[in-house]
Structures are given as structure tokens and as C-alpha cells.
Enquirer: 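Handing you this structure, nothing more for now.
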Amino acid sequence: MQAELIEKGVRYLANTYSRNPVAIVKGEGCWVWDMTGRRYLDFLSGIAVCNLGHCHRDVVEAITTQAGKLTHISNLFFIEPQVKAAEALVAHSFGDKVFFCNSGAEANEAAIKLARRYSWKRYGEGRYAIIAMENSFHGRTMATLSATGQRKFHEGFPPMLEGFNFVPFNDLDALKRATDEKTCAVLIELIQAEGGVYVAEKDYIKELRDFTRERDILLIIDEVQTGIGRTGKLFCYEHYGIEPDIISLAKGLGNGFPVGAIIAKDSIMDAFVPGTHASTFGGNPLASAAVLATLNTLINEGVLKQSQKAGEYLFGELVNLKRKYPFITDIRGMGLLLGVEVSVDGDALQKEFLKEGVIINCTKGHILRLVPPLIVTSEEIDIFIKVADKVFERYL
Ligand SMILES: *Cc1c(COP(=O)(O)O)cnc(C)c1O
């Protein structure tokens with residue numbers, strides 16, 4: 001049955017992903033099952049999406065209840081769960097207002113449009129340029145691709161959208177040099193996750209904040225992957241003691257229900273007025289119910305604290321493995337967004353893990369990205385480490 005499905009998948013689906021030859025049909029907590037009934041420990045969480053674990057009962061209940069009440073109505077009306085979800089996001093962030101959309105790319109797209117519109121309103125035409133980082137990842141739409149500082153993603157798609165300049169990550173002097181009268185915003189991830197789990201330095205972000213504030217250059221932080229508890233706090237910017245101007249969210253926001261958002265202060269979000277930006281599905285009742293349940297559970301049930309402890313434990317165990325295996329060259333990250341850099345073939349390692357019943361991800365061919373659900377227990381981490389030990393031993 002599984003083999004047949006995979007064959008059909010290859011036949012009927014666009015060939016845009018390197019899919020593993022496995023079809024997952026069921027999930028619960030940190031575990032998923034394939035069509036043959038085989039169980040896997042999930043240290044990828046649908047790429048940092050199912051932060052509360054698979055099929056968390058609060059989210060399942062919120063979605064199913066809402067589906068039976070009202071699935072969609074459009075943003076020409078007020079939507080109860082959407083208003084409540086926005087209220088919750090504002091209550092727990094720097095921001096005043098929320099715009100909902102459906103994905104990370106769309107959230108960054110909205111952030112880019114908002115920054116340009118804000119600048120246009122205040123300073124007129126010509127101040128539209130955005131400084132982004134080398135090795136960044138912001139999405140696959142034309143604008144977010146243009147903002148993504150990795151050549152390989154641009155291949156075959158030029159011309160890119162005008163007005164994006166790239167500077168090295170963690171290099172404030174380079175950013176200052178790249179700033180001119182056209183600059184309206186800086187777009188940055190605090191952890192370049194897809195890029196290989198590179199963490200922004202504290203002083204750099206603090207100084208970047210001061211520099212951008214002095215010039216009324218908006219600081220847009222892409223929290224699509226780092227947000228919603230992934231780094232041990234609800235938003236990663238909280239670790240840096242700064243306030244951004246705009247953040248973008250998606251991945252973990254609906255715990256698997258597709259939804260994105262940006263958050264900003266009134267003074268900035270007010271640049272959007274009716275007719276300037278919109279999304280038919282954005283924040284629809286079903287998506288918003290998922291967001292609301294996700295946030296409530298994450299904030300009220302001590303998940304963040306628990307995930308900090310789990311992150312520290314996992315990090316410590318990985319450091320132990322590093323002592324044993326010299327091909328592990330670095331371990332980095334925050335909370336439960338960790339990267340294990342290896343000097344062997346990481347893609348092959350990922351496949352070995354899968355054979356042993358553990359799902360991980362590899363970026364850049366040599367950085368294992370570990371993003372388990374935030375509810376992962378120390379017993380589950382022990383199972384992971386045991387498998388890692390077993391797999392790594394083959395590479396000695
Ligand atoms: C995943 C990701 C995106 C793109 O999100 P999509 O929902 O795939 O469009 C953008 N930025 C970052 C940091 C991401 O990790």
C-alpha cells in the first residue's frame with residue numbers, strides 16, 4: 001500500500017521536494033506512524049511547525065468545533081477567534097496590531113509591503129530598499145525570494161525584485177556601509193535556521209536596533225521559524241532585550257494549521273488602510289481557532305519552561321556525543337532549535353536516522369537541524385541520543 005502510494009506520488013506530484021520514501025498517516029505527541037504501521041520519533045515537527053506535538057488535543061478540539069460552527073466568512077466581517085487570536089498575540093508581544101495571512105512567505109511579503117508603504121507615507125518615493133542578510137531564508141514568492149540571500153534559490157528565476165541588498169550576518173559595519181537614503185528596512189532572522197542554525201550575536205542585534213532606530217529604518221525580524229516558543233521564549237527577540245518594528249510568524253503559529261501573521265506597533269501598521277493589503281483566507285475562523293488554542297496552551301500550560309529544560313538537556317547530551325565523535329564540529333542554537341554540524345555527509349546521516357526510526361532534517365548537506373516538539377520528554381531525548389550514538393558509530 002505504501003509503495004503504491006509513493007509510486008503515485010512520484011507520478012502525480014510536482015517534483016519540488018526530495019521526499020523520503022515514507023508516507024506518514026498518523027501522529028501523536030512526538031511520534032508519527034507510516035502506512036505500514038511503523039513508528040518514528042519526530043525530531044523535525046513538520047519543519048518546526050507542530051510545536052505542541054502532533055494532534056494536540058486542545059488544537060484538535062478547537063479546529064473540529066470551529067469547523068462545525070463557521071469555517072470561512074471573509075475579512076469583510078469581524079471574526080471572533082481572529083480578534084481573540086490578535087488580542088493574545090498583542091498581549092504577549094511588543095506589538096499593537098496583527099495582520100493575518102497563510103504562510104511564512106506571505107507574512108514576509110506583508111512585512112516588506114508594510115515597510116515600503118510606511119516609508120512612502122513618511123518620506124515619499126524612492127526610500128524602498130531593504131537590507132537583508134547573506135545566507136538568509138525568507139520564502140519562495142518572488143519578493144521573499146528576492147530577499148533571500150542564497151544564490152542557489154535564485155537560479156533560473158531572475159530578474160529578482162529590485163531593492164534588496166545583502167550584507168554578511170553579524171557584521172554591523174557592513175550593514176552601515178550598505179545603508180543609504182533609499183534604505184527603509186532591515187530584514188533579519190535571529191537564527192538563520194534554514195541557513196544552518198547560525199545565531200545572531202547579542203551585541204550586534206542591540207547595536208543594529210540603535211542604528212536603525214536613529215534613522216527610522218524599520219527592523220523586521222523574521223520569526224517564522226524562531227517564533228511560537230521554538231527558542232524557549234514565545235518570540236526569539238525576547239532573548240535580545242530589544243523591540244523590533246515588525247515580526248513575521250507562521251510555522252508554529254497554528255500547530256500545523258496553515259496560518260501566518262505579522263505584528264507591528266500602531267504607528268507602523270497604520271500605513272495599511274483598506275485596499276492596501278489583503279488575503280481572502282487570512283485569519284479565517286478555522287485558522288484563527290487553531291492559533292488561539294495553540295497560544296493558550298503554549299502560554300498557560302508551562303510548555304515554554306518545559307521546553308527550555310528539554311533544550312538544555314538535549315544540548316548537553318549532544319555535547320557529550322561531540323566528545324566521542326570528532327566529525328561533529330559544532331553544536332549551536334537556542335531552545336529546541338539546534339544544529340549539529342558534521343564533517344561527514346549529513347544527508348546520508350539523515351537517511352540513517354530514518355532507517356532507525358528517527359526523523360531529523362539536514363540543511364546545507366552537513367548541518368543536522370533538530371527541532372523536536374516543545375513537549376519532548378527527557379525519555380524521548382534519551383531515545384534520540386541512543387539512536388544518534390548508534391548511527392554516528394558507523395561513521396567513526
Ligand atoms: C519556513 C520559513 C519561511 C517560509 O515559510 P513558508 O510558510 O514556507 O512560506 C520564511 N522564513 C523563515 C525563517 C522560515 O523558516
Side-chain angles (χ1 to χ4, degrees), residues 14 16-19 44-51 99-115 130 132-150 152-154 157 161 164 166 169 185-200 205 219-231 234-237 239-240 244 246-263 279 281-283 287 290-291 294 332-339 360-364 367 369-372 374:
T16 45
Y17 308 97
S18 314
R19 293 184 170 90
L44 181 54
S45 309
I47 319 185
V49 166
C50 300
N51 287 3
F99 174 84
F100 285 104
C101 52
N102 312 286
S103 69
E106 265 185 73
N108 286 327
E109 192 83 29
I112 291 164
K113 281 183 73 177
L114 180 60
I130 294 176
M133 301 297 131
E134 289 170 7
N135 196 44
S136 60
F137 183 80
H138 299 295
R140 305 292 198 145
T141 62
M142 278 313 298
T144 58
L145 190 62
S146 301
T148 291
Q150 297 188 60
K152 64 172 183 188
F153 293 124
H154 290 188
F157 299 114
L161 193 67
F164 293 93
F166 297 97
F169 195 50
V186 170
L187 172 59
I188 189 168
E189 300 154 273
L190 294 173
I191 301 177
Q192 293 188 327
E194 197 285 331
V197 194
Y198 293 98
V199 182
I205 293 299
L219 180 58
I220 307 170
I221 297 187
D222 180 343
E223 292 246 21
V224 168
Q225 187 154 167
T226 54
I228 316 300
R230 183 44 61 190
T231 67
L234 189 57
F235 304 112
C236 190
Y237 74 78
H239 291 287
Y240 288 82
I246 306 172
I247 62 169
S248 52
L249 300 170
K251 289 194 167 81
L253 186 57
N255 204 55
F257 198 95
V259 57
I262 58 168
I263 307 178
S279 166
F281 291 131
V291 173
T294 301
R332 53 182 180 256
M334 261 193 231
L336 284 170
L337 172 44
L338 298 178
I360 61 165
N361 175 248
C362 175
T363 79
K364 296 273 166 117
I367 297 145
R369 175 169 45 172
L370 308 179
V371 281
L374 306 183

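First listed ligand is number 1; within each ligand, the first listed atom is number 1.
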Enquirer: So Arg332 and Ile367, do their side chains get closer than 4.5 Å, heavy atoms only?
Expert: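 Touching, per the 4.5 Å side-chain cut-off.
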Enquirer: How far is atom 9 (O) of ligand 1 from the closest protein heavy atom, and which atom is that?
Expert: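 It is Ala105 N, 2.8 Å.
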Enquirer: Working to the nearest 0.5 angstrom, can you tell me the gap between His138 NE2 and Gln150 CD?
Expert: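 Nearest 0.5 Å value for the NE2-CD distance: 9.5 Å.
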Enquirer: About how many Å separate OG of Ser146 and CZ of Phe157, when rounded to the nearest 0.5 Å?
Expert: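 With rounding to 0.5 Å, CZ (Phe157) is 11.5 Å from OG (Ser146).
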Enquirer: Which pair of non-hydrogen atoms, one from Ile246 and one from Ala115, has the smallest distance, and what is that distance?
Expert: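 The answer is CD1-N, 4.4 Å.
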Enquirer: Report the part of Glu189 (side chain from C-beta onward, or backbone N, CA, C, O) that has a heavy atom under 4.0 Å from ligand 1; answer both or neither where that applies.
Expert: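 Under 4.0 Å from ligand 1, Glu189 contributes side-chain atoms alone.
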Enquirer: If every non-hydrogen atom of Cys101 is compared with every non-hydrogen atom of Ala261, which pair is closest and at what distance?
Expert: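 Distance-wise, the nearest heavy atoms are SG-N, 3.8 Å.
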Enquirer: Quick one: does Lys251 get a heavy atom under 4.0 Å from ligand 1?
Expert: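 Contact present.
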Enquirer: Any idea which atoms of ligand 1 are less than 4.0 Å away from a heavy-atom of Asn108?
Expert: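 Those qualifying, in numeric order: 10 (C), 11 (N).
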Enquirer: Using every non-hydrogen atom in the two residues, find where Gln225 and Lys251 come nearest and quote the distance to one decimal.
Expert: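 For Gln225 and Lys251, the tightest heavy-atom pair comes out as NE2-NZ, 3.7 Å.
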Enquirer: For ligand 1, which atoms, with element, lie under 4.0 Å from some heavy atom of Ser103?
Expert: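 Within the 4.0 Å cut-off of Ser103, ligand 1 contributes 7 (O), 9 (O).
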Enquirer: Under 4.0 Å from a heavy atom of Gln225: give me the atoms of ligand 1 that qualify, with their elements.
Expert: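 Under 4.0 Å from Gln225, ligand 1 has these atoms: 15 (O).
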Enquirer: For ligand 1, which atoms sit closer than 4.0 Å to a heavy atom of Asp222?
Expert: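 Counting atoms of ligand 1 from 1, those under 4.0 Å from Asp222 are 10 (C), 11 (N), 12 (C), 13 (C).
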Enquirer: Nearest protein heavy-atom contact for atom 6 (P) of ligand 1: which residue, which atom, what distance?
Expert: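 Nearest neighbour among protein heavy atoms for atom 6 (P) of ligand 1, to 0.1 Å: Gly104 N, 3.5 Å.
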